[in-house]
Amino acid sequence: MGTTSDGDRPWESYHTVYTNAKAGMDGVDKERVQRVIYEMSKGSKYFENEQRKEAFLKQRIERMHAQCAKLTTNDIAHFQMIADKRILESEAARDLSKIWLHSDMDAFYAAVEMLDNPSLKGKPLAVGSMSMICTANYEARKFGVRAAMPGFIARKLCPNLVFVPTNFDKYMYYSEMTRKVFRRYDPYFIATSLDEAYLNITDVCKERGVSSQEVAEELRNAIFEETSLTCSAGVAPNRLLAKVCSDINKPNGQFILPNERKAIMAFISSLPIRKIGGIGKVTEHILRDVLGINTCEEMLKKSAYLCALFSPCSIDFFISAALGLGSTDTPQFSLRKSMSSERTFSGTEDQSLLYQKLDEIADSLSNDMQIESLFGRTLTLKLKTASFEVRTRALSLQKYIQSKEDILSHATRLLKAELPLSLRLIGLRMSHFRDDKHGSGDPMQKTITSFIFSGDASENVLCDNHSAGTDTSDDPLIGNDLCFQDDQNVPSLGSRHPELVDEQCFNNDVDGWKKIDGFKSSAKTDEMEMYSRTESNVEVNETGKFPDNRAVYPSTREGLAFWIDDYICSLCGCELPPSFIEERQEHSDYHLAEMLQKEESTNNLSKLMQERPIDKGSSATGTSRKRQKSSPKGSKHIPIDFFFKRNKEV
DNA sequence: TACATACAC
DNA sequence: CATGGTGTATGTA
């Protein structure tokens, strides 16, 4: 490893996240792309920081290498026994009884923009700004333009690149249309972002006596007919594999992996580990440089070394993935663990300016917390220096806070201790939320939430989703351990009683939601859509930002197709059994009132929000937790509680 | 608890 | 000119 050819071809040693091949990048002149990226980056503060990080990674790799070199034959035999045991245990837990479909929209944001403005068709398009691109269409990808790449570099690669700023309200509108289709195949589908979702199609296949391939074709056709957008799908016995499969024939394609161990092993064996969700640039680098691992098959072969170098958690993740195992259950919902707000600005050391930024961020965070009725007791200040170094400073309080004043006073103290500094980003995060059963009010809120959630997560509203489950989301970490993520672990958890929910697991798959994005894919990424705030935010927050979606796009709400299948609210996804007649009426009234209010105060949303923490139910994403609030007044009577499983809250 | 990392999207 | 924002998990001290 060392210095490859830094002298002759320096660009080869500058590795960025967006230089990996993804879907649509086949005919790209990779060397030219790499060279342009290097030339445009060289000498910048960002570049220097990347070099510094690479140097640390190199040291870490060398340490691990040395650790391997010290292993004796005996050590290796010992670790091999441990590895073999884990492999047997994991294999014994293999579940081939489910059929999961992962749906991934093709270049989602860019596709929506082209649909909205047909004159963009055929032109290379990037959604985002000169600083950052969220998604590029396939025309642009031919030039090496990709999500997560700064716009000014993309323009160098493709001088005729057309830029369109993000319009999240549009993406949410189209995303909702796709979710209406998903719901017909799996009412409990898991939306991980605006453009991705996991559907358990086991029952659909069984009940209709059709193959998973037919279901995938039908679903993709339905999405195309109803949205004029294309998507790719992957079908496999678990979510981890389904996700990998949806990338195989992208765009506008599908790949079905049968529920047969032999087929799975043949598929996974030659699969580059980087294709697996949870294995990112760093983990890939470490496994390749330290152990020569590039594929899942090699990961199994080197399992003894993995056991010698990583934590149990990480080992389980690696072994599971190498065997093609993954989560097969539908996760329960989980509660939000933190909420944050951060902003990048042109670097400055002007303290009054920095305190002003802090004020804005505290205000933003406080507003978001009010929307979900959250009170937290740990505040974390995040700083990024002008040289891109990131620092965090945390403080835990005795009492739970939410107001801008409380947040700002503590944040100011934290910041003051760090100055003087030249900064380019300031962020605030609150965590350790009050469990409050009713922090704000209605005791029922939570309950309801849970309900809601059940639906799919995502989407809707309230829900949060996220968490629970498993899959992918998280990642493992690397270091020396990573944890696994998904599946594997999950199996056990999954098998527990869903009723109690455990939440332990969390996250994962589901999560997507929050972010917005859509990105996806291909190997790593395709689009990234960044954004952030949850969908809900969008709705709510939009306030300031967008004009109110509904006014522009008839979102679901306007359609008022309130009760899907007679029990699922089409606006927020909440489920109320048919017998809850009164409650449903109230719930409908709530949405109606909400819409009316919004219209009245289209421009005052922010104010509105502050006054009523309620959030409109809608939002989606949010994670759970308090979000619930949404329930409208309906809560009055409703003992709905017992319908949900309630979790713990943490 | 505090902080740093990795990762997803 | 110019390299994002939100959330979760884990390791380590």
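Each chain gets a letter, A, B and so on, in the order the sequences are listed, and its residues count up from 1. Everything quoted here is computed from the prediction, not taken from an experiment.
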Engineer: At 4.0 Å (heavy atoms only), tell me whether Y18(A) reaches a base, stays on the sugar-phosphate, or touches nothing.
Structural biologist: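 Counting heavy atoms under 4.0 Å across all strands, the contact made by Y18(A) includes a base.
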
Engineer: On the side chain of T16(A), is there an atom forming a donor-acceptor pair with the base of dT3(C) - under 3.5 Å, no angle test?
Structural biologist: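 No, the side chain and the base share no sub-3.5 Å donor-acceptor pair.
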
Engineer: Is the phosphate of dT3(C) approached by S41(A) (side-chain N or O, under 4.0 Å from OP1 or OP2)?
Structural biologist: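 No, S41(A) has no side-chain N/O under 4.0 Å of OP1/OP2 on dT3(C).
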
Engineer: What does R155(A) touch in the nucleic acid at a heavy-atom separation under 4.0 angstrom: a base, only the sugar-phosphate, or nothing?
Structural biologist: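 Since a base atom lies under 4.0 Å of R155(A), the category is base.
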
Engineer: What's I153(A) touching, base or sugar-phosphate or nothing? Going by heavy atoms closer than 4.0 Å.
Structural biologist: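 Here I153(A) touches the bases of the nucleic acid.
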
Engineer: Can you find an N or O donor on one side and an acceptor on the other, under 3.5 Å apart, linking the side chain of R429(A) with the base of dG7(C)?
Structural biologist: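 Check passes, donor-acceptor contact within cut-off.
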
Engineer: Can you say whether the rings of Y14(A) and F47(A) are parallel (under 30°), tilted (30 to 60°) or perpendicular (over 60°)?
Structural biologist: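 Tilted.
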
Engineer: Just compare dA2(C), dC7(B), dT3(C) and give me whichever is closest to any side-chain atom of V282(A).
Structural biologist: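 Selected nucleotide (nearest to the side chain): dC7(B).
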
Engineer: In this structure, how many angstroms lie between the P atom of dA4(B) and the CZ atom of R52(A), rounded?
Structural biologist: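 It is 11 Å, rounded to the nearest whole Å.
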
Engineer: Start at the 5' end of DNA chain B and walk down; is the nucleotide closest to I276(A) or to S396(A) reached first?
Structural biologist: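 Between the two, 5'-proximity favours S396(A).
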
Engineer: Can you tell me how far P of dT10(C) sits from CD1 of I315(A), to the nearest Å?
Structural biologist: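 Taking CD1 of I315(A) and P of dT10(C), I get 15 Å after rounding.
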
Engineer: Does dC9(B) have OP1 or OP2 sitting under 4.0 Å from an N or O in the side chain of K243(A)?
Structural biologist: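 True: K243(A) side-chain N/O within range (under 4.0 Å) of dC9(B) OP1/OP2.
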
Engineer: Using a cut-off of less than 4.0 Å, is there contact between a side-chain N or O of R336(A) and OP1 or OP2 of dT6(C)?
Structural biologist: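 Negative; the distance criterion is not met.
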
Engineer: Any non-hydrogen side-chain atom of R429(A) less than 4.5 Å from a side-chain atom of K382(A)?
Structural biologist: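 Side chain of R429(A) against side chain of K382(A), heavy atoms only: no contact under 4.5 Å found.
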
Engineer: Taking only N and O in the side chain of S346(A), is any of them less than 4.0 Å away from OP1 or OP2 of dC1(C)?
Structural biologist: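 It does not, given that no N or O in the side chain of S346(A) lies less than 4.0 Å from OP1 or OP2 of dC1(C).
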
Engineer: Ignoring the backbone of S338(A), work out which of dC3(B), dA2(B), dT8(C) is nearest its side chain.
Structural biologist: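 That would be dT8(C).
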
Engineer: Which side-chain N or O atoms in residues 154-163 of chain A pair as donor and acceptor under 3.5 Å with protein atoms at least two apart or in another chain?
Structural biologist:
none

Engineer: What I want to check is whether the side chains of T344(A) and R424(A) have a donor and an acceptor closer together than 3.5 Å.
Structural biologist: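 Not at all, the side chains of T344(A) and R424(A) share no donor-acceptor pair under 3.5 Å.
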
Engineer: Within the 4.5 Å heavy-atom criterion, are K275(A) and D247(A) side-chain neighbours or not?
Structural biologist: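 Yes, their side chains come closer than 4.5 Å.
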
Engineer: Measure CG/N367(A) against P/dT6(C) and give the value in whole Å, please.
Structural biologist: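 Value for this atom pair: 13 Å.
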
Engineer: Calculate the interatomic distance between E196(A) atom CD and dC9(B) atom C1'; express it in whole Å.
Structural biologist: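 From E196(A) CD to dC9(B) C1': 7 Å.
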
Engineer: So, is S340(A) close to the dG7(C) phosphate, meaning a side-chain N or O under 4.0 Å from OP1 or OP2?
Structural biologist: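 For S340(A), the contact criterion (side-chain N or O under 4.0 Å from OP1 or OP2 of dG7(C)) is met.
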
Engineer: If the cut-off is 4.0 Å, is T380(A) near the phosphate of dA2(B), judged by side-chain N/O to OP1 or OP2?
Structural biologist: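 T380(A) to dA2(B) OP1/OP2: no side-chain N or O under 4.0 Å.
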
Engineer: Mind checking if M339(A) touches a base, just sugar-phosphate, or nothing, with heavy atoms under 4.0 Å?
Structural biologist: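 Answer is sugar-phosphate: M339(A) comes under 4.0 Å of backbone atoms only.
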
Engineer: Looking only at the side chain of R377(A) (C-beta and beyond, no hydrogens), which of the listed nucleotides dA6(B), dT6(C), dT1(B) gets closest?
Structural biologist: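 So the side chain of R377(A) is nearest to dT1(B).
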
Engineer: Just call it for K384(A): base, sugar-phosphate, or nothing, with non-hydrogen atoms closer than 4.0 Å on any strand.
Structural biologist: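 The answer is sugar-phosphate, as K384(A) gets under 4.0 Å only of primed atoms, P, OP1 or OP2.
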
Engineer: Of the options dT6(C), dT5(B), dT3(C), whose atoms approach the side-chain atoms of E342(A) most closely?
Structural biologist: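 Output: dT6(C).
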
Engineer: Given dA2(C), dT10(C), dA4(B), identify the nucleotide with an atom nearest to the side chain of F152(A).
Structural biologist: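 So the side chain of F152(A) is nearest to dA2(C).
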
Engineer: In whole angstrom, what separates I279(A)'s CD1 from dT5(B)'s C1'?
Structural biologist: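 Distance, rounded to whole Å: 16 Å.
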
Engineer: Y198(A) has an atom OH; how far is it from atom P of dC9(B), in whole Å?
Structural biologist: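 Rounded to whole Å, this separation is 7 Å.
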
Engineer: Judged by atom type as modelled, is there a donor-acceptor pair below 3.5 Å linking the side chain of S103(A) to the main-chain atoms of E196(A)?
Structural biologist: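 Between the backbone of E196(A) and the side chain of S103(A) there is no qualifying donor-acceptor contact (under 3.5 Å).
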
Engineer: Side-chain contact test, heavy atoms from C-beta onward, threshold under 4.5 Å: evaluate it for L395(A) versus L397(A) and give yes or no.
Structural biologist: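 The answer is yes, as the side chains (C-beta and beyond) meet within the 4.5 Å cut-off.
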
Engineer: With a 4.0 Å limit, can you tell me whether T392(A) has a side-chain N or O closer than that to the phosphate oxygens OP1/OP2 of dA4(B)?
Structural biologist: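 Affirmative; the distance criterion is met.
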
Engineer: What integer distance in Å separates F163(A):CZ from dA2(C):P?
Structural biologist: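 In whole Å, dA2(C) P and F163(A) CZ are 16 Å from each other.
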
Engineer: For M430(A) and dA2(B), what is the distance between atoms CE and P respectively, to the nearest whole Å?
Structural biologist: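 About 12 Å, once rounded to whole Å.
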
Engineer: Taking only side-chain nitrogens and oxygens of S44(A), does any of them come within less than 4.0 Å of OP1 or OP2 of dA2(C)?
Structural biologist: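 Answer is no, no contact under 4.0 Å.
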
Engineer: Can you see if the side chain of H432(A) gets near the phosphate of dT1(B) - specifically, an N or O under 4.0 Å from OP1 or OP2?
Structural biologist: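 For H432(A), the contact criterion (side-chain N or O under 4.0 Å from OP1 or OP2 of dT1(B)) is met.
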
Engineer: Ignoring backbone atoms, test whether R424(A) places a side-chain nitrogen or oxygen under 4.0 Å from the OP1 or OP2 oxygen of dG5(C).
Structural biologist: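 For dG5(C), OP1/OP2 do not have a side-chain N/O of R424(A) under 4.0 Å.
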
